[in-house]
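Just the heavy atoms: all of them, side chains too, but no hydrogens, waters or symmetry mates, feed the values below.
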Amino acid sequence: MTGLDPDNWDDLRRLGHRMIDDMVDRLATLRDGPVWRPMPDAVRDALHDTLPSGPTSPDILYERFRASIAPYATGNTHPGFMGWVHGGGTGVGMLAELLAGGLNANCGGRDHAPVEIERAVIGWAARIMGFPDDATGLLVTGSSMANMIAVVTASRAARDGLALRRQGVGGRKLVGYAAATAHGCIARAFDLTGLGTDALRVLPVDSEHRMDLAALRAAIAADRAAGLEPFIVIGTAGTVDTGAIDDLDTIAEIAAAEGLWFHVDGAFGALAMLSPTHRPALQGLERADSVAFDFHKWAQVPYDAGCILVRTPGRQAAAFAQSLAYLSREDRGLAGNAPWFCDLGPDLSRGFRALKVWMTLGTYGTDRMGLMVDECCAVAQHLARRVDREPLLERLAPVGLNIVCFRVCVPGVDLDLLNGELVKDLHESGVAAPSTTMVDGVRAIRAAIVNHRTVAADVDAMVDALLRLLADRLETLAK
């Protein structure tokens with residue numbers, strides 16, 4: 001027999017129990033280790049061994065995982081991880097991944113329970129975002145794919161959308177609008193969908209890093225006068241650099257008046273809708289035609305778990321559905337239960353992402369998740385106050401949600417270079433892992449408080465370590 005099941009299931013059961021115990025222990029003791037450590041060259045090289053032609057015991061492979069993979073992971077589970085915008089995950093989400101892997105369901109469609117779980121999760125997402133109960137959507141890899149689906153859907157919702165699917169975008173002069181603070185995946189969506197990045201009007205921002213609405217109105221008028229076809233305006237709920245939120249309510253009004261599709265990229269910030277404290281800052285999001293966001297960020301679901309929601313039923317299907325003989329839908333049997341999720345996006349083969357979302361939201365509930373959002377924002381405000389008190393630190397942007405941008409500021413040195421090097425020093429210290437960005441033309445240290453494990457003491461530890469590392473560098477320069 002050449003099947004791949006083990007000869008002894010008890011051996012696999014024993015190994016599985018050991019893996020779960022080890023990973024639970026790891027989550028329980030995260031604070032005892034560094035946030036991140038560099039991978040030695042010898043360890044890195046050993047991972048690139050030859051293609052295995054014969055079998056290796058799973059026990060041996062697990063020992064390799066423990067020695068060469070787990071110690072050198074990204075570190076975003078650790079409370080000292082504050083770089084980019086990475087969620088911290090949870091133990092229950094980890095176990096959900098195990099269950100989903102055991103079912104090995106393809107959620108492209110057909111009549112089975114995992115599809116219904118994804119439908120339930122999309123319904124929950126619609127309620128969180130203030131969308132109608134009949135809104136459509138699906139889970140994808142992340143907001144990059146979700147935003148691309150939104151751009152495609154919006155373009156097909158424009159005039160002669162069905163013809164656009166057949167003839168392509170070459171004969172049309174479609175243009176869209178987003179602020180300079182929009183995520184790079186927006187321009188990439190215009191690129192990869194064939195619209196071209198020149199079709200995206202990049203608008204200036206105001207002093208609070210929000211879209212300049214006068215510039216939006218002027219750009220739409222200029223494009224119409226030039227014979228172009230405006231079709232979408234994209235607002236951001238939580239900009240990637242500073243966490244700023246565009247004036248979504250006014251953008252919604254402009255889009256409605258101009259007959260444009262209103263999309264919101266809410267990769268992490270949209271989940272502030274869980275918080276009664278911060279939800280008012282997102283007023284207008286509920287008026288969007290579509291919203292993209294990630295459960296794997298503030299909702300703490302394991303990677304990957306992005307989501308796209310579309311307000312009006314039928315819009316996604318009009319953009320993506322195909323009629324193929326080998327994917328025929330039936331009135332009963334396994335090929336029933338239409339419409340299928342493969343009709344709402346580009347993927348036919350789709351994993352059971354919904355289970356980890358379902359188990360995470362089900363375990364904690366939206367009230368507790370909202371309190372977690374509040375706590376992250378409170379830690380960010382604590383960090384902002386600490387930065388403001390330190391003579392050698394300068395805050396570079398308002399703190400609207402959970403991102404604090406600041407820099408070390410000492411005379412007589414290249415500050416961009418110094419701050420960049422200090423962040424690398426912090427990474428290698430293992431104490432904390434912020435990232436960097438550019439704010440108003442200067443390099444900033446960027447701390448995004450997304451991990452539910454991060455508390456005020458963790459950001460204080462980061463600042464303390466940063467100032468120690470700065471003192472070491474200044475001492476070296478003085479010699």
Side-chain angles (χ1 to χ4, degrees), residues 19-20 23-24 26-28 30 73-79 81 84-105 107 113-131 137-143 145-146 237-238 266-276 278-279 291-309 341 350-377 401-402 448-455:
M19 289 175 173
I20 291 174
M23 294 307 287
V24 170
R26 179 179 180 275
L27 290 176
L30 283 168
T74 310
N76 53 298
T77 55
H78 194 287
F81 188 95
W84 304 277
V85 184
H86 291 190
T90 65
V92 72
M94 176 187 73
L95 295 176
E97 287 279 68
L98 172 66
L99 298 177
L103 290 182
N104 192 31
C107 293
V115 166
E116 294 307 320
I117 291 296
E118 185 161 352
R119 286 175 175 162
V121 165
I122 293 302
W124 290 354
R127 293 185 195 106
I128 290 170
M129 298 300 159
F131 272 40
L138 75 166
L139 298 178
V140 293
T141 52
S143 284
M145 178 57 73
F268 74 92
L271 282 166
M273 291 289 281
L274 291 165
S275 161
H278 296 283
R279 188 184 301 132
V291 60
F293 67 97
D294 292 320
F295 282 111
H296 58 229
K297 291 188 170 76
W298 236 343
Q300 312 299 331
V301 173
Y303 278 87
D304 51 32
C307 184
I308 175 68
L309 291 177
F341 280 112
R350 305 177 64 254
F352 191 9
R353 292 188 181 97
L355 185 64
K356 56 193 175 185
V357 181
W358 183 78
M359 288 196 70
T360 300
L361 292 180
T363 296
Y364 301 106
T366 56
D367 289 349
R368 184 170 175 184
M369 298 295 278
L371 288 174
M372 178 267 298
V373 168
D374 287 345
E375 289 164 1
C376 287
C377 293
L401 285 174
N402 62 329
I449 314 303
V450 185
N451 192 329
H452 61 98
R453 303 180 180 98
T454 304
V455 297

Original post:
Just wondering, do Ile122 and Cys307 contact through their side chains at under 4.5 Å, heavy atoms?
Top reply: yes
Subject >> Contacts of type side-chain hydrogen bond (donor to acceptor under 3.5 Å, both in side chains), residue Asp367, not counting sequence neighbours >> reply: none
**OP:** Return yes if a side-chain donor-acceptor contact under 3.5 Å exists between Asp294 and Ser143, otherwise no.
**Re:** yes
Subject >> Minimum heavy-atom distance Pro79-Leu30, with the two atoms named >> reply: CD-CB, 4.3 Å
Original post:
Excluding sequence neighbours, so at least two apart, what forms ring pair (Phe, Tyr, Trp, His ring centres under 6.0 Å) with Phe295?
Top reply: Phe293
Original post:
Distance from Ile128 atom CD1 to Met273 atom CE, nearest 0.5 Å?
Top reply: 9.0 Å
Subject >> Distance in Å, Phe81 CZ paired with Asn451 CG, rounded so as to fall on 0.5 Å steps >> reply: 9.0 Å
Original post:
Which distance, rounded to the nearest 0.5 Å, do you find between the CG of Leu139 and the CG of Asp304?
Top reply: 9.5 Å
Original post:
Which heavy atom in Val291 sits nearest to a heavy atom in Ala270, and how many Å separate them?
Top reply: CG2-CB, 4.4 Å
Subject >> Flag side-chain contact, heavy atom, 4.5 Å: Met145 against Ile308 >> reply: no
Original post:
Looking only at heavy atoms, what is the nearest atom pair of Leu401 and Ala272, with distance?
Top reply: CD2-CB, 4.2 Å
**OP:** Measure from the side-chain N and O atoms of His86 to the backbone N and O of Asn76, and report whether any donor-acceptor pair falls under 3.5 Å.
**Re:** no
Original post:
Are Leu274 and Met372 close enough that some pair of their side-chain heavy atoms sits under 4.5 Å apart?
Top reply: no
**OP:** Show your reasoning for whether side-chain contact (heavy atoms from CB on, under 4.5 Å) applies to His452 and Thr90.
**Re:** CA-CA 9 Å; His452 61 98; Thr90 65; 4.0 Å; yes
Original post:
At their closest point, which heavy atom of Ala448 faces which heavy atom of Val85, and how far apart are they?
Top reply: CB-CG2, 4.3 Å
**OP:** Please examine the side chains of Ile20 and Leu98, heavy atoms only from C-beta on, and report whether any two atoms are closer than 4.5 Å.
**Re:** yes
Subject >> His296 (side chain) donor-acceptor with Ala305 (main chain) under 3.5 angstrom >> reply: yes
Subject >> Residue pairs, two or more places apart or on separate chains, that pass side chain to side chain donor-acceptor pair (under 3.5 Å) and touch residues 113-130 >> reply: Glu116-Arg119, Glu116-Asn337, Glu118-Arg350, Arg119-Asn337
**OP:** Without swapping roles, check the side chain of Asn402 against the backbone of Ile449 for a donor-acceptor pair under 3.5 Å.
**Re:** yes
Original post:
Stepwise, does the side-chain contact (heavy atoms from CB on, under 4.5 Å) test hold for Leu361 with Gln300?
Top reply: CA-CA 9 Å; Leu361 292 180; Gln300 312 299 331; over 6 Å; no
Subject >> Residues that Ser275 engages under side-chain hydrogen bond (donor to acceptor under 3.5 Å, both in side chains), provided they are two or more places apart >> reply: Asp374
Subject >> Set of side-chain hydrogen bond (donor to acceptor under 3.5 Å, both in side chains) partners for Arg453, sequence neighbours left out >> reply: none
Subject >> side chain to side chain donor-acceptor pair (under 3.5 Å): pairs with one or both residues in residues 355-364, sequence neighbours excluded >> reply: Glu97-Lys356
Subject >> Spacing of OG1 belonging to Thr366 relative to CG belonging to Leu271, to within rounding of 0.5 Å >> reply: 11.5 Å
**OP:** First locate atom OG1 of Thr454, then atom CD of Glu375, and finally report the distance between them rounded to the nearest 0.5 Å.
**Re:** 11.0 Å
Subject >> Nearest heavy-atom neighbours spanning Val115 and Phe341 >> reply: O-CE1, 3.6 Å
Subject >> Minimum heavy-atom distance between Cys107 and Pro114, given as atom pair plus value >> reply: SG-CB, 3.7 Å
**OP:** Would you indicate whether the side-chain heavy atoms of Phe352 and Asn104 approach each other to under 4.5 Å?
**Re:** no
**OP:** Give, for atom NE2 of His78 and atom CG of Leu27, the distance between the pair rounded to the nearest 0.5 Å.
**Re:** 12.0 Å
